[in-house]
Student: 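Questions regarding the structure given below will be posed in turn.
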Amino acid sequence: QVQPVESGGGLVQAGDSLRLSCAASTGTFSHCIIGWFRQGPGKEREFVAAVSWSAGVISYADPVKGRFIISRDNAKNTVYLQMNNLKPDDTAVYYCAADFRSRLVDEFSIRVGESAYDYWGQGTQVTVSS
């Protein structure tokens, strides 16, 4: 079992950058796909980006392509979400989640539905002012 913990949220202005971190407070991210989701005010939670821990496959949602970069540090057991050129529409609580895959071949297929993710962090608030 792995417990993700997010950090790095805050209040920034439009056009600024922010980097979120997701660390495994217990367990490891081995055999997992690590996803970032967000839930804005009055909106449903949505997929943002994900990376497979061993295979290194990456996927982005269209609204963040070209602005956000997801990466992982195996030694630190941490996943990062670098968010550039932030917009007010990016305002949301950002969640990190882990989708445990028992086989390496399964890590080549990233699932974007939140029901596929087994372990969730508490979330970190990102607010972008205009």
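This chain uses plain numbering: 1 for the first residue, then up along the sequence.
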Student: Between Y60 and W36, is there a side-chain heavy-atom distance shorter than 4.5 Å?
Tutor: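 No - every pair of side-chain heavy atoms lies 4.5 Å or more apart.
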Student: Counting only heavy atoms not in Q3, do more than 12 fall under 6.0 Å of its CD?
Tutor: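 More than 12 within 6.0 Å, yes.
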Student: Return the minimal non-hydrogen interatomic distance between L20 and G9, and the atom names on each side.
Tutor: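 So the two residues come closest at CD2-N, 3.6 Å.
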Student: Just by distance, do the side chain of N77 and the backbone of N74 share a donor-acceptor pair under 3.5 Å?
Tutor: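 No, N77 side chain to N74 backbone: no donor-acceptor pair under 3.5 Å.
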Student: Does the side chain of V79 reach to within under 4.5 Å of the side chain of V51, using non-hydrogen atoms?
Tutor: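 Yes; the side chains approach each other to less than 4.5 Å.
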Student: State, with a plain yes or no, whether a side-chain heavy atom of Q82 is found less than 4.5 Å away from one of S17.
Tutor: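 Side chain of Q82 against side chain of S17, heavy atoms only: contact under 4.5 Å found.
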Student: Look at the side chain of T91 and the backbone N and O of V128, then say whether any donor-acceptor pair between them is shorter than 3.5 Å.
Tutor: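 Yes, T91 side chain to V128 backbone: donor-acceptor pair under 3.5 Å.
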Student: Could you tell me if the side chain of Y95 sits less than 4.5 Å from the side chain of T124, heavy atoms only?
Tutor: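 No, too far: nothing below the 4.5 Å cut-off.
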Student: Just by modelled atom types, is the D106 backbone N or O under 3.5 Å from a matching donor or acceptor in the S109 side chain?
Tutor: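 The answer is no, because no donor-acceptor pair under 3.5 Å joins these two groups.
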Student: With under 30° as parallel and over 60° as perpendicular, where do the rings of F37 and W120 fit, or are they tilted in between?
Tutor: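 Ring orientation of F37 relative to W120: tilted.
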Student: Is there a path of hydrophobic side-chain contacts, each under 4.5 Å between heavy atoms, that joins I33 and F29?
Tutor: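 Different hydrophobic clusters.
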Student: Indicate the atoms forming the closest heavy-atom contact of I34 with C96, along with that distance.
Tutor: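 The answer is CG2-SG, 3.6 Å.
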Student: Using atom types as modelled and distance alone, determine if a side-chain donor or acceptor of S52 lies under 3.5 Å from a backbone N or O of E107.
Tutor: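 Between the backbone of E107 and the side chain of S52 there is a qualifying donor-acceptor contact (under 3.5 Å).
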Student: Cation over ring, R38 on Y94, under 6.0 Å and within 45°?
Tutor: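 Here R38 fails the 6.0 Å and 45° test against Y94.
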Student: With distance as the sole test, does D118 use its side chain to make a donor-acceptor pair with the main-chain N or O of D99 at under 3.5 Å?
Tutor: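 Answer holds: no.
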Student: So that I can tick it off, tell me whether E114 and R45 are bridged by a salt bridge, with the cut-off set at under 4.0 angstrom between side-chain N and carboxylate O.
Tutor: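 Salt bridge between R45 and E114, a charged N being under 4.0 Å from a carboxylate O: yes.
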Student: Any sub-3.5 Å donor-acceptor pair from T78's side-chain atoms to K76's backbone N or O?
Tutor: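 The answer is yes, because a donor-acceptor pair under 3.5 Å joins these two groups.
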Student: Going by the side chain to side chain contact (heavy atoms under 4.5 Å, CB included) test, name the single residue among N85, L86, N84 that passes it with F68.
Tutor: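 Passing option: L86.
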Student: I need the minimum non-hydrogen distance between A49 and L81, along with the two atoms involved.
Tutor: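 Where A49 meets L81 most closely, the heavy atoms are CB-CD1, 4.2 Å.
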Student: Show the nearest heavy-atom pair for residues V64 and V48, with the distance to one decimal.
Tutor: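 Where V64 meets V48 most closely, the heavy atoms are CG2-O, 3.5 Å.
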